[in-house]
Amino acid sequence: MKNDISELENRKLYILISKTHTVPARIIKFWTKEPYAHASIALDLELREMYSFARKGIYNPFNCGFIIEDIDTGIFGRDVETSCVVLELTVTDKQYRHVLQELAAFKTNADRYRYNFWGLYGVIRNKAIERKYNYFCSQFVACVLERSGIHILDKQPGLVRPDDFRKSSNVKVIYKGLLRRYREYLWTHDLAQAFGGHVTKQAM
C-alpha cells in the first residue's frame, strides 16, 4: 500500500525555454517566428541540475550533443541578456523516477549522442526527422517526458518547438525575464517558502 501511495505523490519538474543572442538562436528564431529558441529540463527549482542538447563549448556551434547545463557558465554565463521563461510541471513520484532513469541513460551514453540538425529542418517542413542518438533541444525534452509517461503535448517529439511547452495547459509559468536575475527573483518573491523551502542561500 505504501508504494501505491508513493506513486501518486506529486513531484515537480522544471522546463526552461530561453533565447540567447547567438547566431544559431537567431536563425532558429527567424525560422520558427517564435520568441524562444532553446529548451532544457531541470530537476529542481533553482535550475542547478539541468539538461539539454546544445553546443558543448562556447565557441564551436557545431560541436553539439547531450549536455549538463549551468545558468552561470557556458553560453548562459556569457550572454547576460538571455531571456527566458521557467515553467513548472507537476508529475507523480513514479513519473519523476522514470525521468531520473531516462536522464541516467543519457548521461551513461553521452558520447553516443549528436545534435539533430536535420531535425530542425524537419520542424520547419512540419515533417519529423527522428534519428537514433540524435536530438535537438526541445525534441530531447519532449522525448524524456513522453518516455516517462508524461503526456503534455499533442505532437511527435520531432516536431516540438520550445514555445510549445509554454503553450501547454499542463504547465505553470513561474518566471519570465532575464535568466541572470532568476535566482534573485526566487528570493525577492519569497518563493523559497512557497515551494517547500528548497531554495538555499547559495542561490543568491
> Is there a donor-acceptor pair under 3.5 Å between the side chain of Glu130 and the backbone N or O of Gly158?
yes

> If you take the centroid of each ring, where Trp contributes its six-membered ring, are Tyr135 and Tyr115 closer together than 6.0 Å?
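Centroid separation for Tyr115 and Tyr135: 6.0 Å or greater.
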
> What pair of heavy atoms forms the shortest contact from Glu49 to Tyr51, and how long is it?
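Closest approach of Glu49 to Tyr51, heavy atoms only: OE2-OH, 2.6 Å.
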
> So, are Asp164 and Arg161 salt-bridged, with charged N and O less than 4.0 Å apart?
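So Asp164 does not pair with Arg161 through a salt bridge.
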
> Any sub-3.5 Å donor-acceptor pair from Gln95's side-chain atoms to Gly149's backbone N or O?
yes

> Do Ser40 and Glu69 get their side chains close enough for a donor-acceptor pair, meaning under 3.5 Å?
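Judged by distance alone, the side chains do pair up.
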
> Check for a donor-acceptor pair, side chain of Arg114 on one end and backbone N or O of Tyr133 on the other, with a separation under 3.5 Å.
no

> Determine, using the 4.5 Å side-chain heavy-atom cutoff (strictly less than), whether Val80 and Tyr182 are members of one ILVMFWY cluster.
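No; Tyr182 is not reachable from Val80 via cluster members.
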
> Over 60° means perpendicular and under 30° means parallel, so tell me whether Phe140 and Phe53 are parallel, tilted or perpendicular.
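Correct class here is tilted.
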
> Take the angle between the ring planes of Trp118 and Tyr121 and call it parallel below 30°, perpendicular above 60°, tilted in between.
perpendicular

> Using the rule that two of Ile, Leu, Val, Met, Phe, Trp, Tyr join whenever any of their side-chain heavy atoms come within less than 4.5 Å, decide whether Ile152 and Leu159 are in one cluster.
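Looking at the clustering, Leu159 is in a separate group from Ile152.
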
> Given 3.5 Å as the limit, does a donor-acceptor pair link the side chain of Asn116 with the main chain of Ile129, or not?
yes

> Is the shortest distance from a Lys or Arg side-chain nitrogen in Arg183 or Asp72 to a carboxylate oxygen in the other one below 4.0 Å?
yes

> Would Ile67 end up clustered with Phe136 when hydrophobic side chains under 4.5 Å apart are linked, directly or stepwise?
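No.
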
